[in-house]
Amino acid sequence: MADSSPPTPEDVVSSADPGDETARRYRYQWTWAATMCCMLLDDTEDVAEVLCEHHEDILLKHQDGRFTGLQVKTRASDQDVWKVGDPDFRSSCTRFAKLEARFPGQFRAFRFLTNHPLHGGSNSQAPKHVLAQIAGASSLDDLPTLVRRWLRRIATDAGCPDQVTFDALSKTTARDDLPKLRDAVVRLVDTVTDSWRRAADCSHDAVRRAAQTLIDECGRASSLDHEQVLPAYLAASSDPEQAERAARVNGKRMTAARVMGILENGLSATASLDGDPETHVEPGEGSTDLLFRKLDAGGFSAVSRNSGEDLRNKADYLAIKWTKKHGRENGLQRYSHVRSIVLRDSADAFEATKTSSDSFGPAMREALRRRLRQRRDQTFDCSEEHLEGFAYSLTAQCKVQWSLERPWEAA
């Protein structure tokens with residue numbers, strides 16, 4: 001028999017509250033902003049900065065100081081194709097005219113970008129056709145009557161002179177080749193892979209994780225997240241309004257350095273191998289003498305012993321920097337996470353290379369290096385040398401050994 005119990009709210013899709021769909025479209029816009037940020041990593045592009053939700057959905061600042069404004073619009077597949085009379089298309093053109101009036105000559109181009117088809121006819125309802133006619137005309141008087149009439153309606157909506165509106169729309173283009181809503185992240189991952197050199201050394205999952213982090217950051221840049229980190233003393237500063245404006249714009253501003261930092265952080269966005277904070281080991285703990293005894297027992301040369309001590313010191317110093325930069329608790333969590341990874345790989349290397357001889361230490365080191373090379377996207381900002389240094393730090397703390405014999409215990 002069919003279940004006759006009445007449906008509950010969790011079983012019924014809400015049609016009256018489109019908040020989830022609205023959020024999805026905002027997420028799409030942030031994803032496309034993240035895709036535009038990849039232009040900052042491409043030396044063949046002349047984009048110097050990308051600003052999120054600043055005058056436009058996305059604002060590109062070029063190397064010459066001029067700008068390109070992007071309007072990003074989405075539509076469901078069952079909606080009508082875009083026409084010049086659509087309110088959203090007219091609204092975008094109105095914005096372009098207003099920006100041209102406010103910042104004369106400072107915009108190189110305007111773009112109307114969408115994931116939904118534009119009307120493709122060669123008539124006064126086709127966005128590409130109408131904009132091409134405006135771009136090809138030497139003056140307003142050269143425009144066909146219907147196009148000139150439409151342009152003057154845009155000018156009226158914008159409160160701008162016809163000539164200013166003509167100047168804005170003559171450098172406006174429309175494209176309908178943006179990815180569909182469900183394909184936007186895939187396109188971003190492909191773009192990050194092509195434009196970010198570091199991606200060549202990472203797994204697909206790691207690159208996708210980095211791309212998702214970039215989307216999240218573009219979302220924060222688009223939503224005044226800077227207000228969360230404004231200093232408490234701002235109201236007492238000499239010019240609080242100017243300081244707030246500067247913080248607002250900087251929060252929206254994406255540079256190449258910021259994008260690369262976001263992507264790097266995204267690579268490390270895995271669950272931390274953390275335990276009870278009371279058991280955290282402080283960086284620098286351990287005995288240098290014990291380190292040397294263990295390396296000697298493993299058959300390392302004097303040069304390798306010196307290198308081991310040096311790398312251990314560099315790794316411990318990096319861990320101390322983490323406690324200063326991220327706070328003691330968070331820094332020690334990072335240190336604990338990396339220690340656990342290196343300890344596990346050290347154990348695997350030991351089991352894979354141990355022999356009855358006491359001289360398998362160098363072979364174990366090579367096996368460990370091969371394992372650590374695959375760990376770079378899980379260990380924050382550690383280099384391979386840092387990771388090897390953590391192995392020597394663990395050796396000094398009596399966690400790792402490089403031989404079967406344990407002569408140091410008899411000393």
Side-chain angles (χ1 to χ4, degrees), residues 196 198-199 201-203 205-221 225-226 228-232 257-288 290-291 308-350 368-369 371-401:
W196 187 36
R198 179 89 158 80
D201 300 323
C202 302
S203 66
D205 286 345
V207 176
R208 185 180 180 89
R209 189 166 62 246
Q212 292 284 359
T213 304
L214 184 57
I215 295 172
D216 293 341
E217 190 67 18
C218 287
R220 285 189 285 271
D225 188 67
H226 75 282
Q228 305 298 320
V229 295
L230 289 176
R258 182 177 177 183
V259 169
M260 286 191 286
I262 293 165
L263 292 173
E264 287 286 352
N265 288 338
L267 291 181
S268 302
T270 55
S272 177
L273 294 171
D274 196 27
D276 185 350
E278 296 298 323
T279 66
H280 284 163
V281 176
E282 295 285 345
E285 290 190 7
S287 166
T288 302
L290 179 60
L291 170 65
E309 180 188 22
D310 179 69
L311 292 179
R312 173 207 174 190
N313 292 337
K314 298 300 192 300
D316 285 341
Y317 181 69
L318 176 62
I320 292 171
K321 286 173 59 178
W322 288 341
T323 64
K324 302 299 184 184
K325 180 178 180 180
H326 303 287
R328 183 176 181 279
E329 182 175 346
N330 289 334
L332 290 179
Q333 285 176 347
R334 286 191 171 210
Y335 183 44
S336 175
H337 172 82
V338 176
R339 277 168 48 88
S340 294
I341 287 177
V342 174
L343 182 58
R344 180 217 167 143
D345 286 349
S346 297
D348 287 347
F350 179 87
L368 175 60
R369 286 174 175 173
R371 286 166 169 77
L372 296 179
R373 201 167 292 129
Q374 306 302 315
R375 293 289 197 176
R376 286 285 308 281
D377 58 7
Q378 302 173 26
T379 53
F380 307 108
D381 50 345
C382 292
S383 66
E384 291 175 26
E385 291 76 12
H386 280 120
L387 295 178
E388 185 177 336
F390 280 114
Y392 298 127
S393 180
L394 288 162
T395 302
Q397 296 165 16
C398 213
K399 299 291 185 180
V400 172
Q401 62 190 66

Report the distance from atom [atom1] of [X] to atom [atom2] of [Y], rounding to the nearest 0.5 Å.
{"X": "Lys321", "Y": "Thr323", "atom1": "NZ", "atom2": "OG1", "result": "11.0 Å"}
{"X": "Ile215", "Y": "Arg220", "atom1": "CD1", "atom2": "CZ", "result": "11.5 Å"}
{"X": "Leu318", "Y": "Asp381", "atom1": "CG", "atom2": "CG", "result": "5.5 Å"}
{"X": "Asp348", "Y": "Leu343", "atom1": "CG", "atom2": "CG", "result": "10.0 Å"}
{"X": "His337", "Y": "Leu332", "atom1": "NE2", "atom2": "CG", "result": "14.5 Å"}
{"X": "Trp196", "Y": "Met260", "atom1": "CH2", "atom2": "CE", "result": "9.5 Å"}

Filter on salt bridge (charged side-chain N to carboxylate O under 4.0 Å, His left out), then keep only pairs touching residues 308-317, sequence neighbours left out; what's left?
Asp310-Lys314, Arg312-Asp316
Salt bridge Asp205-Arg209, side-chain N to carboxylate O under 4.0 Å
no
Geometric class of the Phe390/Trp322 ring pair [parallel <30°, tilted 30-60°, perpendicular >60°]
parallel
Closest contact, heavy atoms only, [X] versus [Y]:
{"X": "Tyr335", "Y": "Ala319", "result": "CD1-CB, 3.6 Å"}
{"X": "Arg198", "Y": "Cys202", "result": "O-SG, 3.4 Å"}
{"X": "Ala221", "Y": "Arg258", "result": "CB-NH2, 4.4 Å"}

Can you tell if the side chain of Arg339 reaches within under 4.5 Å of the side chain of Val281, non-hydrogen atoms only?
yes
Look at the side chain of Ser346 and the backbone N and O of Val342, then say whether any donor-acceptor pair between them is shorter than 3.5 Å.
yes
Can you find a side-chain donor-acceptor pair between Thr213 and Glu217 that sits under 3.5 Å?
no
What residues, two or more places apart in sequence or in another chain, satisfy side-chain contact (heavy atoms from CB on, under 4.5 Å) together with Arg369?
Arg365, Glu366, Arg373, Glu388
Contacts of Leu290 that satisfy side-chain contact (heavy atoms from CB on, under 4.5 Å) - sequence neighbours left out
Ser287, Lys294, Cys398, Trp408
Take Leu311 and Glu385 through the test side chain to side chain contact (heavy atoms under 4.5 Å, CB included) and record every step on the way to the result.
CA-CA 7 Å; Leu311 292 179; Glu385 291 76 12; 3.9 Å; yes
